[in-house]
Amino acid sequence: MPRIQASQSSELWLSLRFPQLSLDLLLQQRVPRQALVIAKNSEVYQACDKARALGINPGTSIHTALLLSETHSDQPDPAHQQAPLLIRRYCENQQRKALQQLAQMAYDFTPSVSLWQEQQSLLLELSGCLSLFGGLEQLLQKIRSELCNRRITAVASLAHSPRASWLLGWSKKDNLLNRDWQLQPLMQGNISAECLAHLQQMTLAELPRCPPFEQKRLRQWQAVGLKTLGDLFGLPRSSVARRYGEDCLRQLDKIRGAVPDLQAFIAPREDFFAERHFLAGLETHDMLRQPMQELLREFQQFLQRHQFQAESLDWRFCHFDKSRSHIAVELSNGNTRAHIFEELTQLQLAQHRIQSPIESVALYSGHLSRVQLHNRPLFSELGNHAAATAEASGLYDTLKSRLGQRGILQLQGCDEHLPEKRQLLTEPLAQPAELGAFQAAGISHSAALDKYLPLWLLSSPQPLSHQRRKNMTLLSSAHRIDSHWWQQRQQRDYFIAIDHAGRHWIYFDHVDKRWFIQGHYD
Amino acid sequence: MESTIKQLLQLPNTWQARHQPRQDKAYPSGFAALDSNLHLGGWPAAATTELLLSKTGHGELRLLLPTLRQRQHQAPWFAMIAPPFTPYAPALEAQGIEVERLLLIFPKTFKDLIWSSVQCLQSRHCSSVLTWCNRAALDHKELRRLQQAATSGQSWFVLMRPQHAQHQPSPSALRMALNPCINHSGRNGSEKSLDIKIIKQRGGWSGQELRLNIATGLAVDRISERPVYLSKLPEHPADHKNLSSHGSSRVLSLRNKQRVSAGRE
């Protein structure tokens, strides 16, 4: 359930606006030599610095952008194959998921994070976290460095109400934070008064075109002679309500902080999802190594912060030809170490074939459980079977990733009379079962007779040729098993026989009237 | 020249015949005759033991059983990689081996075989690793890799290879050729023995040959008078027709019906 909290004057809201989120996702890995733009509806939506230097701004059409890039291209060689401008289509889904990941990252700093998808912004309420991080400046610098590590550009602004902080971000001079996210010296003494003063200085022209500041209304206000927000706040309330609607009045009050502005806060996710996008496709396993390491490091941080452990990972690949493939990595015990995940992933990756160039790599882990706290004894010499077997499951995981399901097996006892049914080959448990479990399963058999059993059992009894039977000498007297009269009667006389190769376990089947060999003694 | 030789002599891997053998750890094999011929007094620890077999599955497991039983408590698992047949668990339990500790590994390719052996050896969670390798020609590089894994993991490693590999040089610490044979002169009539020839021992003399009786612990009773309720054993196919079957007539008729319907299909 998202938490809802009213905004009061003692609050501190930080607004983070991401003006070029889709662009940053592509530029995270490697900055290309050409200019890059994101296109939406055949118009430029976001443009990188190189594109802006060529004169391509958000809003120009794609044709104009291509013309501009060609005229300014500094490679006059017509044989040169590279396009001067890279164009990628805007994907709303991708941007949405990226913003959600950023919101989860912001959750590390404050529990009150509000997501504003339409405006690509996050609103963080910081008043409760100041003492934990050692002051407002420290907290702001930490958030900034985290965003720098992820190579995401953000516009930050601070105010006493959410909308005010978002609006202040649109103005360069009225923002309380400068470019390096440092707080400007406060003239008024406290932040809410300072914000109000700055808001009043903001001109209507530099406000973004979103409610209540639509184009039509702005023209109306400019026609009346209002230039700044302060003029707007100075109007009598009843006349604003009458001329421009109750809605407009309420929104202005929310901006001022006079009326509570309810925000729905995000809830922390119980699963992990992170993605990396690439401009050029990845084709070999070596190229995948670095982004996978980065994603695993992020995953380990997430697990440590939330005290989770992971039991399975899912690597999802999206290819340029819109196909998808994935690798699933399973662990027998929950784990939190990135290097273990990496080893298991590399083992599976070696067997996975990349069909076509990969556009994006995503890591998803849904099965997260709370970390189990163990007690370890102080002296390992006293023997701690449990701790050793918990570590030994790592060996089982490694072997299973490469050898597959039926590559590694254990023997399980069954309570049966026929020798070939007394044991089953099964998948091993991650830790050795309770010692003695095999004996307990075969409890009806006498230990004295088990001494005469062979060490090796053939997978199924092989008929013994007459010649070979002649070469064998019987060593023991018969041991008869007469069973399964309810299904298909098995009447067998077992003997130990010896020939030049060694000692064998053979039996004569009275129902089939043939000799069979079933085991070897040595 | 002299200083070069001195340097060589000071290396830890150089052994001179007049020195005492290296005090390497060894695991007693359980057979006194074999231990007295091995200069370490047992199987070399933390190194490869190669057993070159004329016929797999006939003799080597019983030779290794006593040490396996003794070593099993050192670690949670012990591994058998690519065994020739399936081990029979009730027999192993009767011999004192805890079957819950056994891991059976069935690799599909030769590379997987070497890889899984190295993983088990390096992990320190396997007290013993027994690997059956059918391929006679193992690369020297692979053999060194296995030996180094055994040394680093401090586990007991036994590698079973076909006997014609004995002419290929190998870095393993101990190499023995095994030939099963029947000893007809024993007290109990025919007895199973192994002819063992030591081909190489690191730090000791090689060339010893001995015949080891591994049938200990399995005193079987000779065929004496057969109990009355058992019918005569069929020695020839012709005898089958003369024997009265112990199955009920109802079961017999059911089986005949099955045979007829199978024939129709």
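The chains referred to below are lettered A, B, ... by the order of the sequence lines, with proteins before strands, and numbering in each begins at 1.
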For the rings on A:F495 and A:W515, is their centre-to-centre separation under 6.0 Å?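 Under 6.0 Å, so yes.
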
Are any side-chain N or O atoms of A:Q300 and backbone N or O atoms of A:A338, one a donor and one an acceptor, separated by less than 3.5 Å?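 Looks like yes, one N/O pair under 3.5 Å.
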
May I ask you to decide if A:W485's main-chain N or O and A:Q488's side chain share a donor-acceptor pair within less than 3.5 Å?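 Flag not set: sc A:Q488 to bb A:W485 has no pair under 3.5 Å.
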
Under 4.5 Å, counting heavy-atom pairs only, tell me which of [options] racks up the most with chain B.
options: A:L425, A:I408, A:D499; answer: A:I408
options: A:P454, A:G404, A:G519; answer: A:P454
options: A:H500, A:R402, A:R406; answer: A:R402

Within the 4.5 Å heavy-atom criterion, are A:Q423 and A:E416 side-chain neighbours or not?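 When only atoms from C-beta onward are counted, A:E416 and A:Q423 do not touch, as no gap falls below 4.5 Å.
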
Interface moiety of [X] toward chain A, non-hydrogen atoms closer than 4.5 Å:
X: B:S123; value: side chain
X: B:L65; value: side chain
X: B:C126; value: side chain

Might you work through the salt bridge (charged side-chain N to carboxylate O under 4.0 Å, His left out) test for A:D493 and A:R480, ending with a clear yes or no? CA-CA 4 Å; A:D493 284 339; A:R480 173 169 286 192; 2.8 Å; yes

Pick from B:S54, B:P180, B:G59: which one has the most heavy-atom pairs with chain A under 4.5 Å?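 When all of B:S54, B:P180, B:G59 are compared, B:G59 has the most.
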
Of the listed residues (B:G57, B:C120, B:A79, B:P107), which shares the most heavy-atom pairs with chain A below a 4.5 Å separation?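 Among B:G57, B:C120, B:A79, B:P107, the one with the most close pairs to chain A is B:G57.
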
What part of A:H520 lies closer than 4.5 angstrom to a heavy atom of chain B: side chain, backbone, both or neither?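 For A:H520, the contact with chain B is made by the side chain alone.
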
Check whether A:L424 gets within reach of chain B through its side chain, its backbone, both or neither, counting any heavy atom under 4.5 Å.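 Contact with chain B involves no heavy atom of A:L424 at all.
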
Partners meeting ring pair (Phe, Tyr, Trp, His ring centres under 6.0 Å) with A:H352 (sequence neighbours left out):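 Partners of A:H352 by the ring pair (Phe, Tyr, Trp, His ring centres under 6.0 Å) criterion, ordered by chain and then number, come out as A:F317.
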
Testing A:L457, A:L458, A:I517 for side-chain contact (heavy atoms from CB on, under 4.5 Å) with A:W505, which one passes?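 The option that passes is A:L457.
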
